[in-house]
2 protein chains.
Amino acid sequence: MKLTANKIAGILREQGYKLTPQRHAVLKVMAATHDQLTPEAIYERARAARPDIGLVTVYRTLDLLAKLDLVCRIHAPDGCHGYMMRRPVDHHHHLVCSGCRTVVDFAECSLSELEEKVSRETSFDITGHLLELYGLCPECRTTAVD
Amino acid sequence: MKLTANKIAGILREQGYKLTPQRHAVLKVMAATHDQLTPEAIYERARAARPDIGLVTVYRTLDLLAKLDLVCRIHAPDGCHGYMMRRPVDHHHHLVCSGCRTVVDFAECSLSELEEKVSRETSFDITGHLLELYGLCPECRTTAVD
DNA sequence: GCGTAATTGAAAATAATTATCAATTATCTC
DNA sequence: GAGATAATTGATAATTATTTTCAATTACGC
C-alpha cells in the first residue's frame with residue numbers, strides 16, 4: 001500500500017492538523033519522487049506548484065511529517081540531511097547507492113535476534129535501530145568498471 | 001588492542017602528516033573519553049591542554065582522523081554531529097542511550113547474510129553499512145521508571 | 001641550524017536551521 | 001455561506017555549524 005499525497009493529507013486531518021496548500025505542495029513533491037531530497041531541493045520543487053511558499057514552511061512541514069512518521073530522514077556517512085517519503089508503511093531500511101544516491105528500500109530485517117543478544121549483554125532496553133546499507137547500484141557498478 | 005593517542009600519533013607520522021601539538025591535544029581528548037563529543041566539546045577540552053588551539057583546527061583534525069578511519073562519526077535520529085574514537089579497531093557498531101547519550105560498542109554483526117540476500121535481490125554491490133541501536137541504559141531506564 | 005611545505009589561527013564567508021511576530025487562512029459552528 | 005478562532009504562514013532576523021582564505025608559524029628531513 002503506497003502512501004499518496006492525498007492519503008497523507010487525510011492522515012494530517014485526522015491528527016488535527018490543517019491541510020494548507022503549502023503542506024499539500026510539499027506532500028506532492030515528496031510523493032512524486034523516489035529519491036531522497038534535501039529541504040532545499042524540496043523547497044525548489046514545491047515552489048513550482050506554489051511560488052509563494054517559504055523555505056521555513058518546508059522545514060516545518062518536514063518536521064511535522066517526520067514526527068508523524070510519514071517521511072524519514074536519510075542518513076549518509078557524510079551527513080544526514082535528506083528526507084524521503086516513507087514508502088512502505090512498515091518497518092524497512094535503506095540501501096543507498098554511493099554513486100548516484102538512489103535509495104532502494106528493503107524490508108528484510110533480521111535484527112531482533114541481534115537486539116536481544118546485545119540487550120542481554122549490555123542491560124540496555126533497546127528501543128530502535130538505524131540500519132542502512134551502502135553500495136553501488138547495477139548502473140553505477142557498470143560505470144565504475146569502465 | 002586499544003588505540004591510544006600515542007599510537008595514533010605514530011600512524012599519523014607514518015602517513016606523512018605532521019604531529020603538531022594541536023593534533024596531539026585533540027588526540028588526547030578523543031582517547032580520554034568513551035563518549036561521543038561534538039567538535040565544540042572537543043574544542044573546549046583541547047583548550048585545557050592548549051589554550052591557543054583554534055576551533056578550525058579541531059574541525060580539520062577531526063576530518064583528518066575520520067579520513068584515516070581513526071575516529072568515527074556518530075549518527076543519531078536527530079542529527080549526526082558527534083565524533084568518537086574508534087576504539088575496537090575492528091568492525092563494530094554503536095548502541096546509543098537515548099537518555100544520557102552514552103555510547104556502548106558491540107561487535108556482534110550478523111549482517112553478512114542480510115547483505116547477501118539484499119544484494120541478490122537488488123543487484124547492488126554492497127560495500128558497507130551503518131547500524132546503530134538505540135535504547136535506554138540501565139541507569140536511565142531506572143530514572144525513567146521513577 | 002635551515003629550508004620548505006604543511007599546518008595553524010583569526011576573521012570572514014557560507015550554509016543550514018530555528019525563533020519571532022504580525023498577517024493570513026483552514027476549519028468549526030452556527 | 002459568514003464569522004470566530006486558533007493554527008499556520010512568510011519575512012526577517014538570529015543562531016548555529018562549518019568552510020574558506022591567507023599571512024604567519026612550525027615540524028621535520030636534511
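Just so it is clear, the values below take in all heavy atoms, side chains as well, and ignore hydrogens, waters and symmetry mates. Lettering of chains follows the sequences in order, A, B, ..., and the numbering in each one begins at 1.
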**Item:** Distance, rounded to the nearest Å, where Tyr17(A) contributes OH and dA26(C) contributes P
**Value:** 18 Å
**Message:** Measure OH/Tyr43(A) against P/dT18(C) and give the value in whole Å, please.
**Reply:** 17 Å
**Asked** Looking for any heavy atom pair under 4.0 Å, which part of the strands does Arg60(B) touch: base, sugar-phosphate only, or nothing?
**Response** base
**Request:** Send over the distance from Asp52(B) CG to dT26(D) C1', rounded to a whole Å.
**Result:** 12 Å
**Request:** Starting at atom OH of Tyr59(A), determine the distance to atom C1' of dT17(C), rounded to an integer number of angstrom.
**Result:** 5 Å
**Asked** If you check every side-chain atom of Arg13(A), which of dT27(C), dT12(D), dC28(D) has the closest atom?
**Response** dT27(C)
**Asked** Taking everything shown except Glu113(A) itself, do over 12 heavy atoms lie less than 6.0 Å from its CD?
**Response** no
**Request:** Drop me the distance from Leu37(B)'s CG to Met30(B)'s CE, to the nearest 0.5 angstrom.
**Result:** 6.0 Å
**Prompt:** If you check the Val56(A) side chain, which of dT18(D), dA11(D), dA27(D) turns out closest?
**Reply:** dA11(D)
**Lys67(A)/Asp69(A) salt bridge by N-O under 4.0 Å criterion** = no
**Request:** Mind calculating the distance between CG (Leu64(B)) and P (dT8(C)) to the nearest angstrom?
**Result:** 9 Å
**Request:** Rounded to the nearest angstrom, tell me the gap between atom CG in Leu27(A) and atom P in dT8(D).
**Result:** 13 Å
**Fill in**
Rounded to whole Å, the CG-P distance (Leu55(A) to dT9(D)) equals 13 Å
**Complete:** When rounded to the nearest 0.5 Å, the distance separating CG of Leu55(B) from CZ of Arg60(B) is 10.0 Å
**Request:** Ignoring backbone atoms, test whether Thr20(B) places a side-chain nitrogen or oxygen under 4.0 Å from the OP1 or OP2 oxygen of dT7(C).
**Result:** no
**Spacing between Lys18(A) atom NZ and dT5(D) atom P, to the nearest angstrom** = 13 Å
